[in-house]
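Below is one structure, written out as structure tokens, with a few remarks after it.
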Amino acid sequence: MSKITAYSPPATADPSRWKALGFIALAQLMVVLDATIVNIALPTAQQDLGISDGNRQWVITAYALAFGGLLLFGGRIADLWGRKRAFVVGLIGFAAASALGGAATGEAMMLGARALQGAFGALLAPAALSLLAVMFTDAKERAKAFGIYGAIAGGGGAVGLILGGFLTEYLNWRWTFFVNIPFAVVAAAGAYFVIREPAGGRNRSPLDIPGVVLSTLGLVALVYGFTRAESEGWSDPVTIGMFVGSVVLLGAFVLTEARVKSPLLPLRVLTDRNRGGVYLSLGLAVIAMFGLFLFLTYYLQVVKGYSPVKTGFAFLPMIAGMIVGSTQIGTRLMTRVAPRLLMGPGFLTAGVGMLLLTQLEIGSSYAGLILPAQLLLGLGMGTAFMPAMSLATHGVDPRDAGVASAMVNTSQQVGGAIGTALLNTIAASATTAYLTDNAAAATTPAAQKLLQLQGMVEGYSSAIWWAVGILVVSATIAVTLINTGKPGAGPVAGSGSGSGVEDEVRIPVVAH
């Protein structure tokens, strides 16, 4: 039988925590922006720096490999050093790497800067999320904080497309790097003076060096395998070798973590069914989202002839939907319903939006098809992301908050790499098949150009059908695996139980 107890919000809650949230959100926005802003500037930067077509992908891949490979290490460093220190160091390093990228005079300098950005991003991102986890321990406050964070995590990529288009079109590509510097300086200064990390949350155990090496090499091999599959094909010997190597290395990592005294990633973080469900469903949803960003960007620019700036603005309905879904729907319902009742329907709503986009044609109306599809996608993803971000660190020991946060970022990073490679391959195969079947009918240059565009759209539609299926699977996993009840109104973080299930009814105490 549930017992009724009274509680007051924690007396130790940091009075500056809402100001701190502003600086954490600013840093998160910078990291998410950087994932898409460089894509817009890449063609111009490639031409200026003389980067070959074969090496062009490394401007994106160098960042992805460093970021994805070092996330678990970055999360553990945050637990060891303290999240505030890791956060500030990550911001300063990211700013320096961005300055190096903006000042690049050649290919090597650019690729080195991108790898450094990824490395410092891998320190910064888990520190930011774990700071939220340890600073906001009251359920209602936590819902609001993670609502804001979730909206930025979901919508920041689309903002990057707008900003990247503006900077490339009206200034030059170097400003897509320099723009990070004021973000980082303001966030670092604010964090230094405002953030007061709760005491006793550090994990001072010795660093698990074998775990660091195995996890880094395994994740790098996995991300590079998917990146290479996109350009060289799934049957390429190096691609296959990367996947095999990744399985061996990550398998050895799990075995090592089960045996060492102070593991890099304590398996208790993964084996909790609620956190495991979040990591898996979130990673799958990101596969669908990254593919969509890619296809819609190409569709709007190549098929519809939009400029980079206009393309960026065309994504605004999705951003608006994510903000509303995360800060209004997710935040308001988070303390009233179980997380799975937000995540499952959220992913399904996004799936309906994706389903609309399977009807894409060359002459499709933006207002009639793309806009409503984006609104549904944004609402669904925003509603689902918000409880997912909160639940990913719910009930975890404070000393494990950094690595638990790193797992969220890792699932997103790996999901993004898989989404880009898998859905791009499906689209390319469908396009090739369509062109082969219809080539005989295109006898004039105009007809051949039209056939090329029709082939592209056919490829996008085929891949988007897969994305719909992936979102349905994501919703099913969320509803099936995540079984925690609603958080209630009391403290939720750092309980150490890992279950997230409340065993008592808490009634707030109102001061008179």
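Start at 1 with the first residue, then count along the sequence. Computed from a predicted structure; not experimentally measured.
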Exercise for the section: Given side chain to side chain contact (heavy atoms under 4.5 Å, CB included), test Y434 with S462 step by step and report yes or no. Expected result: CA-CA 11 Å; Y434 184 86; S462 299; over 6 Å; no

Is it true that, when you exclude [X] itself, more than 12 heavy atoms of the residues, nucleotides or ligands shown sit nearer than 6.0 Å to its [atom1]?
X	atom1	value
Y298	OH	no
W234	CH2	yes
Q448	CD	yes

Gap between atom [atom2] of [Y] and atom [atom1] of [X] - 0.5 Å precision:
X	Y	atom1	atom2	value
L280	R273	CG	CZ	12.5 Å
M354	L471	CE	CG	5.0 Å
W466	T425	CH2	OG1	11.0 Å
T383	M322	OG1	CE	10.5 Å
S215	L222	OG	CG	12.5 Å
W173	T44	CH2	OG1	9.5 Å

Can any side-chain N or O of [X] pair as donor or acceptor with the backbone N or O of [Y] at less than 3.5 Å?
X	Y	answer
N274	I482	no
E458	T431	no
Y279	A404	yes
T327	I323	yes
S130	P126	yes
S281	S474	no

If you look at every heavy atom in [X] and [Y], which pair is closest and at what distance?
X	Y	answer
L356	L369	O-CD1, 3.2 Å
R174	A104	NH1-O, 2.8 Å
L376	G353	CB-CA, 3.8 Å
R275	R268	NH2-O, 3.3 Å
A478	G344	CB-N, 4.3 Å
L451	L435	O-CD2, 3.5 Å

Going by heavy atoms in the side chains, are [X] and [Y] under 4.5 Å from each other?
X	Y	result
Q374	L296	yes
L111	I51	no
F385	M343	no
F177	R114	yes
R228	T239	yes
M407	L270	yes
L355	W465	yes
T410	L219	yes

Handout entry: Derivation and outcome, side chain to side chain contact (heavy atoms under 4.5 Å, CB included), residues W175 and Y170
Key = CA-CA 10 Å; W175 282 96; Y170 298 116; over 6 Å; no

Practice task
Answer yes if the ring centres of F243 and F226 are under 6.0 angstrom apart, and no otherwise.
Solution key: yes

Exercise for the section: Step through it carefully: locate the ring centre of F295, locate the ring centre of Y460, and say whether they are under 6.0 Å apart. Expected result: yes

Exercise for the section: Evaluate the side chain to side chain contact (heavy atoms under 4.5 Å, CB included) criterion for residues L342 and F347: first the C-alpha distance (whole Å), next the side-chain angles of each, then the deciding distance (0.1 Å), finally the verdict. Expected result: CA-CA 9 Å; L342 287 174; F347 288 137; over 6 Å; no

Problem - Chi angles and distances behind the side chain to side chain contact (heavy atoms under 4.5 Å, CB included) call for Y299, I370 - result: CA-CA 11 Å; Y299 175 80; I370 297 170; 3.6 Å; yes

Practice task
Would you kindly check if the NZ (Lys) or CZ (Arg) of K304 is within the cone defined by 45 degrees around the ring axis of Y306 and under 6.0 Å from the six-membered ring centre?
Solution key: no

Practice task
Apply the test side-chain hydrogen bond (donor to acceptor under 3.5 Å, both in side chains) to residues S98 and Q117: give CA-CA distance (whole Å), side-chain angles for both, the deciding distance (0.1 Å), then the verdict.
Solution key: CA-CA 7 Å; S98 298; Q117 276 188 312; 2.9 Å; yes

Exercise for the section: Assign the ring pair F67 / Y63 to parallel, tilted or perpendicular, where the plane angle (0 to 90°) is split at 30° and 60°. Expected result: parallel

Handout entry: Sole residue of I477, L391, V408 in side chain to side chain contact (heavy atoms under 4.5 Å, CB included) with L282
Key = V408

